[in-house]
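Both ligands and their constituent atoms are indexed starting at 1 by order of listing.
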Amino acid sequence: MRIHKIAVIPGDGTGPEVIREGLKVMEAASKKFGFGYEKTVFDYGGERYLKTGRILTEKEIKGLAKFDAIYLGAIGHPDVKPGILEQGILLKTRFGLDQYINLRPVKLYNAAFCPLKDKTEEDIDFVVVRENSEGLYKGLGEFKNKGTKREVAIQISHNTRKGVERCIRYAFEYTKRRNKRKKLTLCGKTNVLTYAWDLWQRTFDEVARQYPDITTDYAHVDATTMWFVKNPEWFDTIVTDNMFGDIITDLGAMIQGGMGIAAGGNINPEGVSMFEPIGGSAPKYTGKNVINPLAAICALGMLLENVGEIGAANAVETSVIKIVKTRLKSLSAGKMGYSTQEVGDLVVENL
Ligand code: IPM
Ligand code: MN
């Protein structure tokens with residue numbers, strides 16, 4: 001039997017609640033589709049940091065590299081200063097395991113949950129390929145004259161040919177494999193950020209020559225946010241840098257029905273990938289059994305696809321679509337008409 005070794009990091013806030021439902025779905029899928037898995041749970045997150053002062057060590061990252069995939073709930077704690085856990089755990093894992101792609105599908109499962117007027121499920125079905133290892137997220141910069149009236153804060157967007165090219169290549173391959181409209185849009189800011197986006201545009205144009213079957217397009221990031229609202233049907237696959245990808249995928253999550261359903265994968269195509277709901281730790285809903293676990297369950301579906309369980313991955317998505325279309329009243333926390341656990345049970349029943 002195929003056995004997948006899965007590292008589970010429930011993390012903070014509602015992370016543990018949604019991961020519990022995801023694991024329930026994994027258990028059911030493993031029985032139905034005949035695969036095995038070994039899960040190892042890690043307590044990385046804000047609670048551990050507050051108790052022990054430990055964030056995430058190099059050794060712990062090396063430990064995560066031994067798994068077939070990582071399943072993450074959420075990182076972020078109201079009692080910890082912003083940045084410490086996000087940089088020290090989430091970004092450190094993405095960078096440390098060289099998960100250089102952040103893959104974020106934006107798919108509307110039920111038009112009733114879309115805030116855009118007159119948009120159907122066919123209109124909102126695209127994927128954002130976000131560069132996940134460079135750009136402004138690299139943490140390069142400095143203060144000059146800190147705390148004085150002459151203070152200058154410099155934050156550098158660091159883009160390498162290698163980093164940009166591997167991301168763009170992944171996006172072309174993904175567009176080909178996705179096999180929908182075979183269109184790849186580069187989302188950037190060539191009109192102002194003339195160093196970084198010159199490199200991106202040149203690399204994009206060069207790689208595009210090797211994919212004659214794929215239609216290419218370019219949109220400035222500001223215009224992209226406008227098109228997401230006005231004409232989301234124009235998009236198939238979008239490739240962009242780390243910062244822009246972060247911003248446009250929150251908007252993407254809203255047009256697909258909200259954070260309750262938005263999942264993402266931090267992918268190292270040659271190594272270990274990590275899957276997570278993108279909504280964060282949602283402290284105000286913690287422990288109330290009201291948070292929507294579907295984002296975590298969709299992330300599990302992506303994880304299953306990544307480890308080669310295609311049948312199980314498709315079944316998870318089909319089950320999610322079914323309950324989103326026929327059962328849930330809303331995708332938002334507390335308004336679903338069901339508890340967190342009941343939504344998990346519904347996915348299992350319909351698997
Ligand atoms: C995300 C999050 C993270 C990011 C934060 C928590 C560091 O917003 O996954 O989009 O900016 O990448
Ligand atoms: Mn974000």
Ignoring hydrogens, what is the shortest heavy-atom contact between F244 and C187? Give both atom names and the distance. CD1-O, 4.2 Å
Closest non-hydrogen contact found for P277 with A295 is CB-CB, 3.6 Å
So, does N268 use its side chain to make a donor-acceptor pair with the main chain of L97 at under 3.5 Å? yes
In a check of side-chain hydrogen bond (donor to acceptor under 3.5 Å, both in side chains) between K107 and each of Q256, E317, E121, which one passes? E317
Using the side-chain hydrogen bond (donor to acceptor under 3.5 Å, both in side chains) definition, which of the options R130, E134, R94 pairs with N242? R130
[X] neighbourhood, listing ligand 1 atoms whose heavy-atom distance to it stays under 4.0 Å:
X    : value
E86  : 6 (C), 7 (C)
D246 : 1 (C), 4 (C), 8 (O), 10 (O), 11 (O)
R130 : 1 (C), 4 (C), 10 (O), 11 (O), 12 (O)
R104 : 1 (C), 9 (O), 10 (O)

Under 2.8 Å from the Mn ion (ligand 2), can any N, O or S atom of D246 be found? yes
Among all protein heavy atoms in this structure, tell me which lies nearest to atom 5 (C) of ligand 1, with the distance rounded to 0.1 Å. L90 CD2, 4.2 Å
Counting heavy atoms only, which part of M243 comes closer than 4.0 Å to ligand 1: side chain, backbone, both or neither? neither
Is any N or O atom of R94, backbone or side chain, closer than 3.5 Å to an N or O atom of ligand 1? yes
One pair to check against ring-ring contact (aromatic ring centres under 6.0 Å, His included): F33 and F35. What are the steps and the verdict? CA-CA 6 Å; F33 290 88; F35 64 88; 7.5 Å; no
